[in-house]
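Notes to accompany the following structure.
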Amino acid sequence: MSAEKQGEMQLEKRHLKACREIIRENIRLYEEKERHQRKEMTQLYHAVKKGEGDSYGLLTAGQNILEHTRNMLRKNKAAMEKAYFGRIDYEDKTYGAFECRYIGKNGVTRNSSDVVIVDWRAPVSSVYYENETGPGEYQVPGSDPVEIDLKKKRTFDISGGNLLGFYDDDVAANDDLLVKYLSRNKEAVLGDIIATIQKEQNAIIRDLPNKNMIVQGVAGSGKTTVALHRISYLLYNYEDKYKPSEFCIVGSSDMLLNYISSGLPELDVNHVSQMRMDLFLPYLIGKAWKKKFQVVRDHSDASVKSRLDFARKLEEFLAAWKEKYLCLEEIRDQEIGVILSKENLEETKSRNPHLSLFQLEKLLNQRINSRIRFLCTEREEEFGKRKRGEYKKYFDSARHKWTETGIYLKFLQQMSEQGMDVGADTMEDVARGRFDIYDTAAIGLIYHRILMKKEQDEFSQIIVDEAQDFGEMVYYAMKQMLPGCWFTIMGDVSQNIRYETGMNDWEGLKEIMFETERDSFYLLAKSYRNTIEISECAGKILEKASQGAYKIQPVIRHGKEVEIDTEPERKLAEKLKELLESIKSKGFETIAVVVRSEEEAEEVRQILDIKEEGNLFHNGVMVLPVRMTKGLEFDAVILWKPDEEHYANEPGDAKLLYVAVTRALHELYLLGDKKRSSLFD
């Protein structure tokens, strides 16, 4: 190390020490505050029990203050370990000042106002992620860009409160730091990437909130972590616009959602809703509806119902239904004349395209009521009251006692008569209140177009992970049912494990989601998960899974070669146990044995004497069918029986095998009793 760099190192060590002193004092103050506030809460709680004054309101306000104090205490304690990871020195051309900013995962202030460490989500922090040295700018939400001249960009390697080294705007050195970060063992939580956010990830995280976006990201490109960091960024920078409760994360399984939720508190995100897709759609229809039916596995005709064409045919059917029962003709009364003309009624309808039939009828009845009031201004009050009573329910489709199920069955019958391949199992199950995910989407659309009385305004931002597993019909219904929402949709069509019904390209979804020039399609091609050796193995399968549409660009990180082990059937169980002991001895935190089906998972659990996993991602050994591993990652993976019988050489099986292989961070083992599938060739 040169004398100059040694001098710089000493200065940085002194600065880190000074920052940690401030953080230590903050911790002391927040601990004191917490003790005091907890004492106040206890007193208020007793006051509420006695029913004293406005004690309940004070208790609620006090709980919020206590939560804020605990959050600040947690952030400062975390900052003691790693105060910051970056530094930017720049000349602010807009405000004419020279700034030196240290950037950390947790913003730190002295005396509640003097910023010591800038939060990674702050607008100025984007300079660290995006700008090279020299002229540039950064965006401030709601304001003009701030012009800067970046003089220095420094990345720190800090661990346990100690400065191990730093790098100055050197891409190679930063890649070294990234590889060092990626080489760590995986704990059973979703790791944050704040210190190593890449430029292409940062663009997604910091994009505008009022837009729809689709992100195609190869396995290991950080789709899920980017989505969570985007939520954190939006809540930090647009807190006057959005509350956490307005965000909803939608996923394909409870295990994936539990895995995602493990990373939320660390990103300062609380009270965000999370729902499985098969529960989210019924939730949008209404809480009462959830009790009326159950969601079952896809019916035999799911590949027909999952497509955009099915949604369009249903829309045509519902438009004709509306037209048939609305009958917009001139409303004329013998005593008071024309109440509303046909043109007037048609104009009201055209101005309110999002209203359901029931909502539109309510609006038209209100207009009739107002018009009668006006026409009867000169008449006796009793006459006007009588006339309003006569026309009170002029439009009243509710008298037909329709149900969503009844309307849907009529549509299915019509489709069947027109030659569309609607299965008998769908008709039978729907009549019994058993719906697959695409029937549920159809029911949601029927509810929204015909029977809805009040629109859903609970959510404003929807984040869908592993989006490719569901067909276009689901997204079409969601988009119509949530007209005021913005969607962030993350997925990888190469990992579509429901080949016949899910999405094998993004074109249909773009058509559904993209309405303005602001809407964006992003591509994340770089994989940060797998070693080169695992990526090369996955790359062969990917060619068959996506016809070469989205290739992996791995980060240069070498590891152990993929180990292939073929044993006789009788020795397989013993070999599996040996292999697991060997992997555990290396200190890996998370290990998965990935099998093709739930039945096989149960067999392997019995071999290893492991109880059923439930829905929690955890440290140690997990035995999972490949479909349950979607979105997860493990230190080491043993792929059980990866032969032709389990993974045939066709696109659907190729996607499943690609998912299985790309779960491994460091080591991958292929263990079976037959020759490997030709998908590996």
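Predicted, not measured: the structure shown is a model, and the values here were computed from it.
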Any ion pair linking [Y] and [X] (charged N to carboxylate O, less than 4.0 Å)?
| X | Y | answer |
| --- | --- | --- |
| E633 | R663 | no |
| E246 | K241 | no |
| K479 | E515 | yes |
| K93 | E137 | no |
| R206 | E130 | no |

For this session: List the steps and the verdict of side chain to side chain donor-acceptor pair (under 3.5 Å) for S232 and D268.
Result: CA-CA 7 Å; S232 181; D268 207 12; over 6 Å; no
Exercise. What distance separates I22 CD1 from E25 CD, expressed to the nearest 0.5 Å?
Worked result: 10.0 Å
For this session: Please round to the nearest 0.5 Å and tell me the distance separating atom CE of M452 and atom CG of L357.
Result: 11.0 Å
For this session: Given side chain to side chain donor-acceptor pair (under 3.5 Å), test Q468 with D492 step by step and report yes or no.
Result: CA-CA 6 Å; Q468 73 284 340; D492 178 10; over 6 Å; no
Is any side-chain heavy atom of [X] less than 4.5 Å from a side-chain heavy atom of [Y]?
| X | Y | result |
| --- | --- | --- |
| K453 | Q359 | no |
| V464 | I462 | yes |
| I231 | I463 | yes |

For this session: Have a look at T69 and tell me which of Q37, E34, K33 forms a side-chain hydrogen bond (donor to acceptor under 3.5 Å, both in side chains) with it.
Result: Q37
Seminar exercise, completed: Heavy-atom nearest pair, N237 first then P123, reads OD1-CD, 3.4 Å
For this session: Determine the minimum heavy-atom distance between Y438 and V474, stating which atoms define it.
Result: CE2-CG2, 3.6 Å
For this session: Verify side chain to side chain donor-acceptor pair (under 3.5 Å) between Y475 and Q480, making sure each step is shown before the conclusion.
Result: CA-CA 9 Å; Y475 298 100; Q480 303 309 311; over 6 Å; no
Problem set entry | Intermediate values then yes/no, salt bridge (charged side-chain N to carboxylate O under 4.0 Å, His left out), E67 and R70 | CA-CA 5 Å; E67 185 180 350; R70 283 175 172 163; over 6 Å; no
Exercise. Is the charged tip of R154 near the ring of F166: under 6.0 Å from the six-membered ring centre and within 45° of its axis?
Worked result: yes
Problem set entry | Geometric cation-pi criterion K199 and Y129, 6.0 Å radius, 45° cone | no
Problem set entry | Aromatic contact, F247 with H271 (centres under 6.0 Å) | no
Exercise. What's the verdict on side chain to side chain contact (heavy atoms under 4.5 Å, CB included) for I158 and L164, showing C-alpha distance, side-chain angles and the deciding distance?
Worked result: CA-CA 6 Å; I158 296 173; L164 306 179; over 6 Å; no
Seminar exercise, completed: When F156, F85, Y84 are each screened for ring-ring contact (aromatic ring centres under 6.0 Å, His included) with Y128, the one that passes is F85
Exercise. Quick check: are there more than 12 heavy atoms from other residues, nucleotides or ligands sitting under 6.0 Å from NZ of K362?
Worked result: no
For this session: Dump the intermediate steps for side chain to side chain donor-acceptor pair (under 3.5 Å) on R276 and S253, then the final yes or no.
Result: CA-CA 6 Å; R276 270 198 341 252; S253 71; over 6 Å; no
